Student: 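Sharing a structure, written as structure tokens. Questions coming.
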Amino acid sequence: MFPQAPPDGILKLSVLSKADADANKVDLGVGAYRDDNGKPWVLPVVHKAEQRLLNDPESNHEYLSVGGWPALTSGAQKLIFGEDSPAIKEKRVYTIQTISGTGANMVGAVFLKNYKQPGDAGVYISKPTWGNHRSIFQTAGHEVREYRYCNYQTLSLDIDGMLEDLRSAPNGQIIVLHACAHNPTGIDPTEEQWQRIADVMAERGHLPFFDCAYQGFATGDVVRDAYAIRLFVQRGFELLVAESFAKNMGLYGERTGCLHVVTRSADLIPAVSSQLNRLSRATISTAAGFGAKIAGTVLQDPQLYAEWLQSMTDMSSRIKTMRDALRDKLVALGTPGSWNHVSEQIGMFSFTGLSKTQVAALRDQYHLYMTDDGRISVAGLNTKNIDYVAQSIDTVVRNVK
């Protein structure tokens, strides 16, 4: 016999929300963009790419090559690292298509389990982090440890604690870093703090494994959102990057992503690519085609690419507007506590600081759904529900500890 696995918190929350028929229900748990009417938004540029594919008489449903759709993988490389990246110019990067960011994390985790040096290196994840990180790396056979990240008193980055933990870890550990729009906190290091993080990691010989699910979606600027990754490449690190096109292109169900591996020498790329291809072949055979062709079309067409950049700016701006609106309404209501962190955090999520009992009260009494740690998806807020959400939070904060 084997034990029953614990339920996934996000999936369980989604089931509860879908079963709630109350007219006032607000789902702030789902990690997907919603428009001001609370509806999924298919990006216009995605519609155009779909139509182009459907109208192409040469289009088919043949298997992709084991490495993926070349228009996607080459475009994703340039998006993450920049066209002038030394890693690309020196042919020190290999990119393989994956089942979105989760698949990229898993392929990278298994690859490192087989070939990491030192062989007993642990994987360090931030406290807190995306709920799936621990499961992915433990499933791949790694020992998972944590480094401090969030200052739970100020709801800001605990940069001193983070650096202390990275410095005190044994040499050569694998450090999982959120490239931008940290999930679940929305708290990102500044550029100066990223440089200090890179200093400590170089000093200790750690291997960066970036998870990048929100490039362009976080700030509306793909270059700014890739700052940390490009800094580490410029500093000469070998590294991995898991990349997803779920959020920034709205391809949630198409499961479109890539894993990038940057090596110190181009001579290592044939071996790296062969091992990654072997892992992918053993798990998914070949990657999915339709989402890859959509993303590849957008990335390779200058006009569509420019329109996509504008759509990301629009999504990012709406989320920032909702952040400011929630903060302003809570301040106007005189809700106990400071709420500046709601505006200061970035990306899809906000770490509100609400307690587990307050979260339960909001769900049970007011039909507001968020994760137990108080994380909300700001994309679930809109001009029609913001007053109700703010008033509900105000009432619960005053009456529930």
Side-chain angles (χ1 to χ4, degrees), residues 7-18 20 25-43 46 98-106 125-126 128-136 149-150 176-188 210-220 225 242-257 291 295 311-312 314-320 322-323 326 342 345-352 354 359 362-363 368-382 385 389:
D8 182 285
I10 299 294
L11 298 182
K12 181 180 177 181
L13 188 68
S14 178
V15 171
L16 291 173
S17 175
K18 288 179 180 179
D20 187 342
K25 179 185 72 175
V26 181
D27 190 341
L28 301 176
V30 63
Y33 183 78
R34 297 290 181 260
D35 64 18
D36 196 52
N37 293 312
K39 302 295 184 183
W41 187 48
V42 178
L43 276 62
V46 168
T98 59
I99 304 298
S100 201
T102 302
N105 274 276
M106 179 56 84
I125 58 177
S126 63
T129 191
W130 175 47
N132 219 10
H133 274 151
R134 180 178 293 276
S135 180
I136 288 170
Y149 191 85
C150 179
V176 178
L177 300 164
H178 297 235
C180 60
H182 182 274
N183 179 6
T185 68
I187 302 167
D188 283 2
F210 283 98
D211 193 353
C212 187
Y214 301 95
Q215 187 184 4
F217 189 97
T219 66
D225 290 346
E243 178 181 21
S244 168
F245 289 94
K247 307 296 194 298
N248 58 12
M249 211 171 280
L251 297 175
Y252 302 100
E254 301 301 337
R255 314 308 296 140
T256 304
S311 290
M312 285 192 287
D314 294 342
M315 290 189 289
S316 176
S317 296
R318 194 190 85 75
I319 288 177
K320 181 65 168 65
M322 288 297 101
R323 284 185 178 279
L326 180 59
V342 174
Q345 297 164 2
I346 68 168
M348 179 171 287
F349 301 112
S350 175
F351 214 46
T352 61
L354 294 167
V359 169
L362 286 166
R363 180 179 64 245
L368 301 188
Y369 289 83
M370 64 188 72
T371 56
D372 286 344
D373 58 7
R375 185 203 79 173
I376 65 170
S377 174
V378 184
L381 297 173
N382 57 60
N385 64 27
V389 170

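As the structure is a computational prediction, the values presented were derived from the model and not from experiment.
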Student: Would you mind reporting whether L16 and Y369 have side-chain heavy atoms less than 4.5 Å apart?
Tutor: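 Sidechains of L16 and Y369: in contact.
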
Student: Is a side-chain N or O of Q345 found less than 3.5 angstrom from the main chain of F351, in a donor-acceptor match?
Tutor: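 Flag set: sc Q345 to bb F351 pair under 3.5 Å.
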
Student: Where is the tightest heavy-atom contact between G216 and D225, given as atom of each residue plus distance?
Tutor: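 Closest approach of G216 to D225, heavy atoms only: N-OD2, 2.7 Å.
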
Student: Mind listing the closest non-hydrogen atom pair of T256 and A295 along with its distance?
Tutor: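 Nearest heavy atoms, T256 then A295: CG2-CB, 4.2 Å.
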
Student: As an exercise, state the distance from NZ of K18 to NZ of K25, rounded to the nearest 0.5 Å.
Tutor: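 If I round to the nearest 0.5 Å, the distance is 9.5 Å.
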
Student: About how many Å separate OG of S100 and CD of E243, when rounded to the nearest 0.5 Å?
Tutor: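 Between E243 CD and S100 OG, I get 10.0 Å after rounding to 0.5 Å.
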
Student: Run the numbers on N382 and K39 for side chain to side chain contact (heavy atoms under 4.5 Å, CB included), then give the verdict.
Tutor: CA-CA 10 Å; N382 57 60; K39 302 295 184 183; over 6 Å; no

Student: Taking the side chain as every heavy atom from C-beta outward, state whether M106 and N132 have any pair of such atoms under 4.5 Å apart.
Tutor: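 No - every pair of side-chain heavy atoms lies 4.5 Å or more apart.
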
Student: What are the two closest heavy atoms between Y252 and G31, and how far apart are they?
Tutor: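 Looking at all heavy atoms of both residues, the closest pair is CE2-O, 3.9 Å.
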
Student: Are any non-hydrogen side-chain atoms of I376 and L354 less than 4.5 angstrom apart?
Tutor: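 I376 does not reach L354 side chain to side chain.
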
Student: Compare every heavy atom of V378 with every heavy atom of S350, then report the nearest pair and how far apart it is.
Tutor: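 Here S350 and V378 meet closest at CB-CG2, 3.8 Å.
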
Student: Please examine the side chains of C180 and T219, heavy atoms only from C-beta on, and report whether any two atoms are closer than 4.5 Å.
Tutor: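 A side-chain contact under 4.5 Å is absent here.
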
Student: Considering all heavy atoms of both residues, which atom of Y149 and which atom of T185 are nearest to each other, and what is their separation?
Tutor: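 Scanning both residues, the minimum pair turns out to be CE2-OG1, 3.9 Å.
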
Student: Could you give the distance from CE (M315) to CG (N248), rounded to the nearest 0.5 Å?
Tutor: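 One gets 7.0 Å once the value is rounded to the nearest 0.5 Å.
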
Student: Check whether any side-chain heavy atom of R255 sits under 4.5 Å from a side-chain heavy atom of T102, and report yes or no.
Tutor: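 When only atoms from C-beta onward are counted, T102 and R255 do touch, with a gap below 4.5 Å.
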
Student: Are any of the side-chain heavy atoms of V359 and T371 separated by less than 4.5 Å?
Tutor: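 In short, these two side chains do not touch, never coming nearer than 4.5 Å.
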
Student: Do the side chain of D188 and the main chain of H182 share a donor and acceptor less than 3.5 angstrom apart?
Tutor: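 Checking the backbone N and O of H182 against the side chain of D188, a donor-acceptor pair under 3.5 Å is found.
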
Student: Quick check for you: to the nearest 0.5 Å, what is the distance between S244 atom OG and M249 atom CE?
Tutor: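 Spacing of OG (S244) from CE (M249) equals 10.0 Å.
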
Student: For a quick test of reading the model, state the closest non-hydrogen atom pair linking N105 to A242 and the distance between them.
Tutor: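 Answer, listing the atom of N105 first, then A242: ND2-CB, 3.6 Å.
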
Student: In a check of side chain to side chain contact (heavy atoms under 4.5 Å, CB included) between R363 and each of D20, D372, L28, which one passes?
Tutor: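 Only match with R363 under side chain to side chain contact (heavy atoms under 4.5 Å, CB included): D372.
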
Student: Yes or no on side chain to side chain contact (heavy atoms under 4.5 Å, CB included) for W130 and I136, after CA distance, side-chain angles and deciding distance?
Tutor: CA-CA 11 Å; W130 175 47; I136 288 170; 3.8 Å; yes

Student: Let me know which of L368, V26, V30, D27 forms a side chain to side chain contact (heavy atoms under 4.5 Å, CB included) with S17.
Tutor: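 Of all the options given, the one that passes is D27.
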
Student: Picking from T129, N183, D211, what satisfies side-chain hydrogen bond (donor to acceptor under 3.5 Å, both in side chains) with H178?
Tutor: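 It is T129; the other options fail the test.
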
Student: Rounded to the nearest 0.5 Å, what's the gap from CD1 on I319 to CZ on F217? Could you check?
Tutor: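 Between atom CD1 of I319 and atom CZ of F217 there are 3.5 Å.
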
Student: Hey, does R318 have a side-chain heavy atom less than 4.5 Å from the side chain of Y33?
Tutor: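 Answer yes - side chains close enough.
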
Student: Quick check for you: to the nearest 0.5 Å, what is the distance between L381 atom CG and R34 atom CZ?
Tutor: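 Taking CG in L381 and CZ in R34, the distance rounds to 13.0 Å.
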
